[in-house]
Amino acid sequence: RDSNDTQKTKLTGEQVAEHHSRDSCWVIVHGKAYDVTEFLPEHPGGPKIILKYAGKDATEEFEPIHPPDTLDKYLDKSKHLGDVDMGTVAKEEKEVDPDEEERQKRIERMPILEQCYNLMDFEAVARQTMKKSAWAYYSSGADDEITMRENHNAFHKIWFRPRVLVDVEHVDTSTSMLGTHCDMPYYVTATALGKLGNPEGEVLLTRGAKKHNVIQMIPTLASCSFDEILDAAEGDQCQWLQLYVNKDRDVTKRIVQHAEKRGCKGLFITVDAPQLGRREKDMRSKFSDAGSNVQNTGGEDVDRSQGAARAISSFIDPSLSWKDIPWFQSITKMPILLKGVQCVEDVIRAIEVGVQGVVLSNHGGRQLDFARSGVEVLAEVMPVLRERGWQDRIEIYIDGGVRRATDIIKALCLGATGVGIGRPFLYAMSAYGLPGVDRAMQLLKDEMEMNMRLIGASNISDLNPTLLDARGLSIHTATVPSDTLGLSVYDPLIGPKEKAR
Ligand SMILES: Cc1cc2c(cc1C)[n+](S(=O)(=O)[O-])c1c(=O)[nH]c(=O)nc-1n2C[C@H](O)[C@H](O)[C@H](O)COP(=O)(O)O
């Protein structure tokens, strides 16, 4: 380097390749070399994932998971080694993915967007066109995925008691959630690693939510940086923060106060994941590379054999308990809600500790298998709150298995303020990008207007329990309905190509 510290000559590939071990680890990202030796134990996704690219060009693996400013933000300037003459970098033999060729053919044959008529259609297309590891991560449920299927099945146990001769010429589907007016009573819930499905990641959901004036809940484990997602919002677009509480409370405090400063309108503390569930499809896809820009303060090698979930969640604090709620109330003025409450006793406790709401949820069936669906817990909770005159003390949301506007209407008739929707928007984004998200939201809107008309409701406030017959909700049948979730959940262990030996 010359006197004013500009680089005189570019580094060569050979020079970088000499630093390929834990003792001296250089990587190349976007044509620049970085000394990440000391950073290895701090890397959120664990050191293993970096060591795989020690001395090499890591750009292709780095790109889908880390926001562009990651190295500037987290790696000391002294470790930025400068430009590399990429002509001198040995080309890596790319591992041939046997499925990739097939997948590309399926992408060529995929239906045009207009042939998607409901949210399940996006799932069917995504299953055929997504990378295996991405599909496995998004579609995975815990253990036997009974709860994941029950989430959607539960809505099939609720029937309507429609009213007729109601003037439904004008139907208004808008409502208010945590004081924010939105055009539909659902929000885009927090789902991690958006860039696994689409290289643009969660900002696509931000743009779709803006266009349809619905709320986006930003995941702690997003692929995009938090600020990228906030920056993608327009005007007074409302966003909430989903929080996995870090063992290092200073990290958590920084995240919460930054979110409040940036204008987030709600803090949803995830309480159903003291440890992330065992998602075998995710594990089977031998998740090894994509990490996430999560905060993992543990220096230990993250065990990647457990799939994406375990690899990115070692920072979560399993000691989180009710006694921590006052601390959260002391560090932020945002409304605080508990996401993942699963019985009426804990809803009563939540009201008593003074939080502003709960999400009755089992994490999309990705945590405790045989947990009940959010809508079933809602049917347990609301009569008890009404008996106490507490039904307006907090806002109650549910999520899990919402695939139709009739599912939304059933939840609101039972007393929910709104519902969260996860996978459908991930699949729409993965298969068709922003146009997919836009169409999915439009389809829901059309369904909502039609179904409200057909049950005789012109406003959200008309939705009430007398419009339902929900007596079948608590009957749990052992069989699994052959819905799209169930049909395609288990990929044959021995595919057509790998004949059993
Ligand atoms: C599908 C999905 C869900 C995740 C999710 C990732 C995916 C791919 N992740 S996870 O990696 O840790 O499991 C989160 C998460 O970051 N935080 C969270 O609170 N919920 C997470 N959830 C649960 C989500 O917020 C909803 O509870 C769930 O998606 C609702 O069910 P549906 O997908 O059927 O709508």
Side-chain angles (χ1 to χ4, degrees), residues 67 119 122 138 173-198 200-244 255-256 258-270 292-293 334-337 339 356-357 359 361 363-364 395 397-400 402 408 416-430 432-445 448:
L119 266 48
F122 292 103
Y138 288 172
T173 65
S174 71
T175 189
S176 156
M177 298 203 265
L178 295 183
T180 298
H181 179 269
C182 30
D183 288 358
M184 280 280 282
Y186 72 81
Y187 55 88
V188 180
T189 193
T191 52
L193 294 184
K195 285 188 180 178
L196 276 184
N198 186 300
E200 291 188 70
E202 290 83 1
V203 295
L204 291 182
L205 301 173
T206 311
R207 294 193 192 111
K210 170 64 185 173
K211 179 169 179 190
H212 292 265
N213 189 29
V214 295
I215 296 171
Q216 176 190 20
M217 187 190 290
I218 299 172
T220 297
L221 296 175
S223 303
C224 295
S225 75
F226 178 72
D227 287 316
E228 259 184 319
I229 300 171
L230 269 289
D231 294 345
E234 288 171 35
D236 61 353
Q237 181 174 354
C238 178
Q239 292 169 309
W240 295 334
L241 172 66
Q242 171 273 323
L243 182 74
Y244 274 135
I255 290 171
V256 169
H258 179 63
E260 182 167 13
K261 208 165 83 226
R262 289 275 345 232
C264 270
K265 296 276 181 307
L267 173 62
F268 287 70
I269 303 172
T270 296
S292 159
N293 62 335
M334 287 190 283
I336 293 174
L337 297 91
K339 177 176 183 288
Q356 281 67 43
V359 183
S361 165
H363 212 104
E395 295 198 1
Y397 297 90
I398 74 160
D399 73 22
V402 173
I408 301 175
T417 306
V419 306
I421 301 177
R423 292 181 181 89
F425 296 131
L426 282 178
Y427 295 143
M429 166 178 94
S430 302
Y432 295 99
L434 180 55
V437 176
D438 178 21
R439 181 160 173 86
M441 292 179 172
Q442 188 52 51
L443 288 170
L444 264 183
K445 172 90 174 165
M448 190 77 183

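The model shown is predicted, which means the values in this text are computed figures rather than measured ones. One-based numbering along the sequence shown.
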message = Tell me if the aromatic rings of Phe122 and Phe425 count as close, with their centers under 6.0 Å from one another.
response = no
Let me confirm one number: the [atom1]-[atom2] distance from [X] to [Y], rounded to the nearest 0.5 Å.
| X | Y | atom1 | atom2 | result |
| --- | --- | --- | --- | --- |
| Leu241 | Met334 | CG | CE | 6.0 Å |
| Cys264 | Leu230 | SG | CG | 5.0 Å |
| Leu178 | Ile336 | CG | CD1 | 11.5 Å |
| Arg423 | Leu426 | CZ | CG | 8.5 Å |
| Lys265 | Ile215 | NZ | CD1 | 9.5 Å |
| Met184 | Gln442 | CE | CD | 9.0 Å |

So which atom in [X] and which in [Y] form the shortest heavy-atom distance, rounded to 0.1 Å?
| X | Y | answer |
| --- | --- | --- |
| Asn198 | Met429 | ND2-O, 3.1 Å |
| Cys182 | Met177 | SG-CE, 3.6 Å |
| Lys195 | Gly201 | CG-CA, 3.7 Å |
| Ala209 | Gln216 | CB-CB, 4.3 Å |
| Ile229 | Thr206 | CG2-OG1, 3.4 Å |

request  = Could you tell me whether a side-chain N or O of Gln242 sits under 3.5 Å from a main-chain N or O of Thr220, the two making a donor and an acceptor?
outcome  = yes
message = For the backbone of Gly357 and the side chain of Glu395, can you confirm whether one donor and one acceptor N or O come within less than 3.5 Å of each other?
response = no
Lys339 side chain to Ser361 side chain, donor-acceptor N/O pair below 3.5 angstrom = no
message = Distance alone, cut at 3.5 Å: any donor-acceptor contact between the side chains of Asp438 and His212?
response = yes
key: Residues Asp183 and Lys211 bridged, charged N to O under 4.0 Å   = no
Side-chain ion pair, Arg207 and Glu200, N-O less than 4.0 Å = yes
Among [options], find the residue that satisfies the side-chain contact (heavy atoms from CB on, under 4.5 Å) test when tested with [X].
| X | options | value |
| --- | --- | --- |
| Val419 | Thr189, Asp399, Ile398 | Ile398 |
| Tyr186 | Ile408, Thr173, Val402 | Ile408 |
| Ile218 | Phe268, Phe226, Trp240 | Phe226 |

key: Mutual orientation of the aromatic rings belonging to Tyr244 and His363 [parallel < 30°, tilted 30-60°, perpendicular > 60°]   = parallel
